[in-house]
Amino acid sequence: MKRLLPRLLLIAPLCLLSWETSAKEITVMISGGFKAAWEKLSPAFAAEKGYTIKTVPGPSMGQSPEAIPNRLAAGEKADVIIMVGYALDKLDKEGRLLPGTRTELADSKIGAVVKKGAAVPDITTANALRATLLKAHSVAYSDSASGKYVETTLFNKLGIAEQLKPKAKRVEKTPVAQSVASGRYEIGFQQVSELLPLAGVTFIGKLPEDMQYVTRFAGAVSNHSAQPEEAKALLAYLSSPGVQQQIQATGLDPVSGRAPAPQPRLSQ
């Protein structure tokens with residue numbers, strides 16, 4: 001027994017270290033545009049590192065309690081925050097992010113869906129898009145970045161904002177495609193990566209390039225993170241070349257360089 005005791009004393013710290021590593025939990029707050037990619041990629045990272053990952057979904061903006069800025073303001077904690085780039089900038093200005101940890105992840109364009117089995121309208125040009133919207137009985141758009149653009153900019157660019165007021169609605173909390181699949185709306189607009197994963201709809205296509213709005217998704221480490229090094233490693237993994245094909249398969253586009261994509265100025 002006396003001979004075993006020194007060996008046990010040596011082994012005990014190693015066992016404790018192994019337990020601490022496996023017990024680490026990373027909390028990730030994430031908005032819908034990057035969520036499909038996240039669901040593909042996070043299990044592999046968790047398995048490789050031996051971490052437990054807690055995912056907390058929510059919009060990048062908006063008035064609902066589920067919106068990420070509102071969650072943080074209410075005192076909820078996170079290690080990593082993934083959301084629309086300019087909304088992340090606002091959190092940075094509020095001092096909620098660990099300096100120097102912002103990581104560019106992907107760009108997302110806006111697309112449209114109709115209920116599965118419905119006739120697929122033409123949105124390939126500005127004129128076709130205008131005609132489709134005027135003909136539609138109801139139109140839905142999100143309460144996040146893409147919806148702000150649709151409501152404040154797209155309809156005005158098409159010159160039909162007044163005509164659409166009675167029938168175009170902002171959908172809060174519920175994914176736009178889900179509302180279209182239920183038959184509540186005839187046509188719905190949201191970021192492509194949020195439309196493709198949902199059943200019950202037909203993806204029409206992306207907005208024409210001269211009407212398009214590109215949203216940058218980025219991530220950063222929260223300044224209240226309990227696992228900052230692990231959080232940095234997660235962001236490095238999500239932005240690594242080896243996972244880009246999987247990210248693009250969810251409807252996202254690769255980041256061009258590392259600078260944030262230009263964002264049209266949206267009225268509040």
Heavy-atom closest pair, residues [X] and [Y]:
X: I123; Y: A112; value: CD1-CB, 4.0 Å
X: V171; Y: S179; value: CG1-OG, 3.6 Å
X: T125; Y: P208; value: C-CG, 3.7 Å
X: L252; Y: S193; value: CD2-OG, 3.5 Å
X: L164; Y: L133; value: CD2-O, 3.6 Å
X: L158; Y: A126; value: CD2-O, 3.6 Å

Is [X] linked to [Y] within one hydrophobic cluster, defined over Ile, Leu, Val, Met, Phe, Trp and Tyr using a side-chain heavy-atom separation of less than 4.5 Å?
X: V114; Y: Y141; value: yes
X: L98; Y: L105; value: yes
X: I82; Y: L72; value: no
X: L41; Y: Y51; value: yes
X: Y185; Y: V120; value: no

Donor-acceptor under 3.5 Å ([X] side chain, [Y] main chain):
X: Q212; Y: L207; value: yes
X: T250; Y: I247; value: yes
X: D92; Y: L88; value: no
X: T101; Y: A220; value: no
X: K167; Y: A136; value: yes
X: N156; Y: A161; value: no
X: D79; Y: S222; value: no

Any side-chain heavy-atom pair of [X] and [Y] under 4.5 Å:
X: I187; Y: V180; value: no
X: F203; Y: V192; value: yes
X: Q248; Y: P254; value: yes
X: E209; Y: K109; value: yes

From CA spacing to verdict: side-chain contact (heavy atoms from CB on, under 4.5 Å), E104, V255: CA-CA 7 Å; E104 312 303 323; V255 171; 4.2 Å; yes
D122 side chain to T124 side chain, donor-acceptor N/O pair below 3.5 angstrom: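 Indeed, the side chains of D122 and T124 share at least one donor-acceptor pair under 3.5 Å.
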Please round to the nearest 0.5 Å and tell me the distance separating atom [atom1] of [X] and atom [atom2] of [Y].
X: R184; Y: K169; atom1: CZ; atom2: NZ; answer: 9.5 Å
X: S146; Y: I110; atom1: OG; atom2: CD1; answer: 5.0 Å
X: R130; Y: N127; atom1: CZ; atom2: CG; answer: 5.0 Å
X: M61; Y: Y86; atom1: CE; atom2: OH; answer: 3.5 Å
X: I53; Y: T27; atom1: CD1; atom2: OG1; answer: 10.0 Å
X: S225; Y: L97; atom1: OG; atom2: CG; answer: 11.5 Å

Listed once per pair and sorted, the ring pair (Phe, Tyr, Trp, His ring centres under 6.0 Å) pairs that draw on residues 216-253, sequence neighbours left out: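 Qualifying pairs: F45-Y237.
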CA sep, side-chain torsions, deciding dist, call: L154, L129, side-chain contact (heavy atoms from CB on, under 4.5 Å): CA-CA 10 Å; L154 178 63; L129 176 61; 4.2 Å; yes
Residue pair L134, I160: steps toward the side-chain contact (heavy atoms from CB on, under 4.5 Å) verdict: CA-CA 8 Å; L134 290 173; I160 55 174; 3.8 Å; yes
Non-neighbouring partners of K232 that pass salt bridge (Lys or Arg N to Asp or Glu O under 4.0 Å), sequence neighbours left out: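 Salt bridge (Lys or Arg N to Asp or Glu O under 4.0 Å) list for K232, sorted by chain: E229.
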Should the pair [X]-[Y] be classified as a salt bridge under the 4.0 Å nitrogen-to-oxygen rule?
X: D143; Y: R170; result: no
X: D89; Y: R102; result: yes
X: K165; Y: E151; result: no

For residues 28-40, tabulate all N or O donor-acceptor pairs below 3.5 Å that involve a side-chain atom, not counting sequence neighbours.
residue: S31; atom: OG; partner: S60; partner atom: OG; Å: 3.1
residue: K35; atom: NZ; partner: E39; partner atom: OE2; Å: 2.6
residue: W38; atom: NE1; partner: T55; partner atom: OG1; Å: 2.9

Test side-chain contact (heavy atoms from CB on, under 4.5 Å) applied to F189 and Y149, step by step: CA-CA 10 Å; F189 295 87; Y149 169 75; over 6 Å; no
Over 12 non-hydrogen atoms of neighbours within 6.0 angstrom of CZ in R71: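 More than 12 within 6.0 Å, yes.
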Test applied, side chain to side chain contact (heavy atoms under 4.5 Å, CB included); reference residue, S108; option that passes from R216, E194, Q191: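 Option passing the side chain to side chain contact (heavy atoms under 4.5 Å, CB included) with S108: Q191.
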Audit row: E230, K49, salt bridge (Lys or Arg N to Asp or Glu O under 4.0 Å) steps and yes/no: CA-CA 9 Å; E230 290 77 9; K49 300 294 185 181; over 6 Å; no
